[in-house]
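Nothing here was measured: the structure is a model prediction, and the numbers come from that model. Values reported hereafter were calculated over all heavy atoms of this structure, with side chains retained and with hydrogens, waters and symmetry mates removed. Below, read A as the first sequence line, B as the second, and so on, with proteins coming before strands; counting in each chain starts at 1.
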Amino acid sequence: MPELPEVETTRRGIAPLVEGRTIERVIVREPRLRWPVPPGLGTELAGQQVKSLTRRAKYLLFGLERGTLLVHLGMSGNLRVLPADTPPRVHDHVDLVLDSGKCLRLNDPRRFGCLLWTADDPLAHPLLSSLAPEPLSAEFSAEYLARRMRGRSVAIKQLLMNARVVVGVGNIYASEALFHAGVRPTRAAGRLTRREIDALVAAVRRVLRAAIRAGGTTLRDYVNADGKPGYFRQKLYVYERSGQPCRICRTPIRHLAQGQRSSYFCPTCQR
DNA sequence: ATGGGCACCTGGCTGC
DNA sequence: TGCAGCCAGGTGCCCA
């Protein structure tokens, strides 16, 4: 589900409601997430104030007085701030009960998400330590990408989704960015021209920024912190549009599978 | 090092 | 109506 824009939308939505609040207690209804919720989490978090809420890749980092809470939403997770007495629904796995009378509630049907705590520098955590640059940072430049693509035979779409090359770009925005750059998803990464790499870096940035502005993309079950869907779906050019006319040239959008993931492209606009 | 495939899970849709 | 099969915003790990 959530790629960078959806995680960032979630962060912006919940930050004003959690920053400065104290966690009174933690309710774990289902600890079996991608990694088990640590058994001592409640003891660790109770009484701690949330100092900051930041994002690294698709992880949310809750900076506490002591240590950091790491949350990943996996494919189907969402976080909402609700009145603490709201009856839990199916797949409401964890609540952080706040001193505001509200709770931060994690819902995740597929349980591919995770909720972990670390006492140390969160960026040194094994799950975060080898992550690539943020796509919206200056570090993600055409020079950088060109260097990382050189000699690689892997398809450009799969490389874009590799978190050791650039983070935050998932299945939707990889297809969309490649459309806007005019590059077919199947091209070998190492064969792109410098002009195409320039276009691709710009397209990744543009698509992610526009999606954040629209509150993310809701395909099925993504909702933001207010329980509302994102509106970027209406601005998708190729994703889940196979057979429909290209918004630029009317050629039917094509679908194919790459590494067990669906890709979409316009055979006319993308070369 | 690189690339490919599988695994983890639930739910919704399709087609027989 | 029932059920099998397939697909879905991610990503760590194992193998060649």
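- Nucleotide B:dC9 has no partner under the Watson-Crick or G-U criteria, as no pair reaches both atom distances under 3.5 Å.
- One finds no salt bridge joining A:Arg147 and A:Glu143 here, because no Lys/Arg side-chain nitrogen approaches an Asp/Glu carboxylate oxygen to under 4.0 Å.
- Using a 4.5 Å cut-off on side-chain heavy atoms (C-beta onward), A:Lys51 and A:Glu19 make no contact.
- Here the C1' atom of nucleotide C:dA8 and the OH atom of A:Tyr264 are 9 Å apart, to the nearest Å.
- At a cut-off of 3.5 angstrom, the base of B:dC9 holds at least one donor-acceptor pair with the side chain of A:Arg110.
- Across C:dG12, B:dT2, B:dT10, the shortest atom-to-atom separation from the side chain of A:Leu127 is found for C:dG12.
- Residue A:Arg261 has no polar side-chain atom (N or O) positioned under 4.0 Å from OP1 or OP2 of C:dA8.
- Distances were taken from every side-chain heavy atom of A:Ser153 (C-beta onward) to each of B:dG5, B:dG3, C:dG10; the shortest belongs to B:dG3.
- Minimum atom distance to the side chain of A:Arg220 is reached by C:dA8, of the listed B:dT2, C:dA8, C:dT11.
- Rounded to a whole Å, the CD atom of A:Glu30 is 16 Å from the P atom of B:dC8.
- Stacking of the aromatic ring of A:Phe112 onto the base of C:dT11 is not found under the criterion of centres within 5.5 Å and planes under 30°.
- If you measure from atom NZ of A:Lys157 to atom P of B:dG3, you get 16 Å, rounded to the nearest angstrom.
- Nearest-nucleotide mapping onto DNA chain B: of A:Arg148 and A:Gly259, the residue sitting toward the 5' end is A:Arg148.
- OP1 or OP2 of B:dG11 lies within a sub-4.0 Å distance of a side-chain N or O belonging to A:His91.
- The side chain of A:His72 sits closest to C:dT11 out of B:dG5, C:dG12, C:dT11.
- What separates CD of A:Glu240 from C1' of C:dC7 is a distance of 10 Å, to the nearest Å.
- Ring planes of A:Phe232 and A:Tyr173: tilted class, angle from 30 to 60°.
- Counted by atom type alone, A:Ser76 and A:Asp108 present one or more donor-acceptor pairs between their side chains at under 3.5 Å.
- No donor-acceptor contact under 3.5 angstrom links the side chains of A:Arg241 and A:Tyr237, judged on distance only.
- Heavy atoms of A:Gln260 sit under 4.0 angstrom from at least one base atom.
- One atom, CG of A:Leu70, and another, P of C:dG12, lie 12 Å apart when rounded to the nearest Å.
- Across the protein-nucleic acid pair, A:Arg150 atom CZ and B:dA1 atom P stand 18 Å apart, rounded to whole Å.
- In this structure, A:Arg164 places its CZ atom 13 Å from P of B:dG3, rounding to the nearest Å.
- Considering only side-chain atoms of A:Arg34, the nucleotide from B:dC6, B:dC8, C:dA8 that sits closest is B:dC8.
- Across all strands, A:Tyr59 comes closer than 4.0 Å only to sugar-phosphate atoms, never to a base (heavy-atom distances).
- Listed nucleotides C:dT11, C:dC7, B:dC6 differ in distance to A:Ser262; the shortest reach to its side chain belongs to C:dC7.
- The CH2-C1' distance, from A:Trp35 to B:dC9, rounds to 14 Å in whole Å.
- In this structure, of C:dG12, B:dC6, C:dG10, it is C:dG10 that holds the atom nearest to the side chain of A:Met161.
- A:Arg56 contributes no side-chain N or O that, together with a main-chain N or O of A:Leu128, makes up a donor-acceptor pair within less than 3.5 Å.
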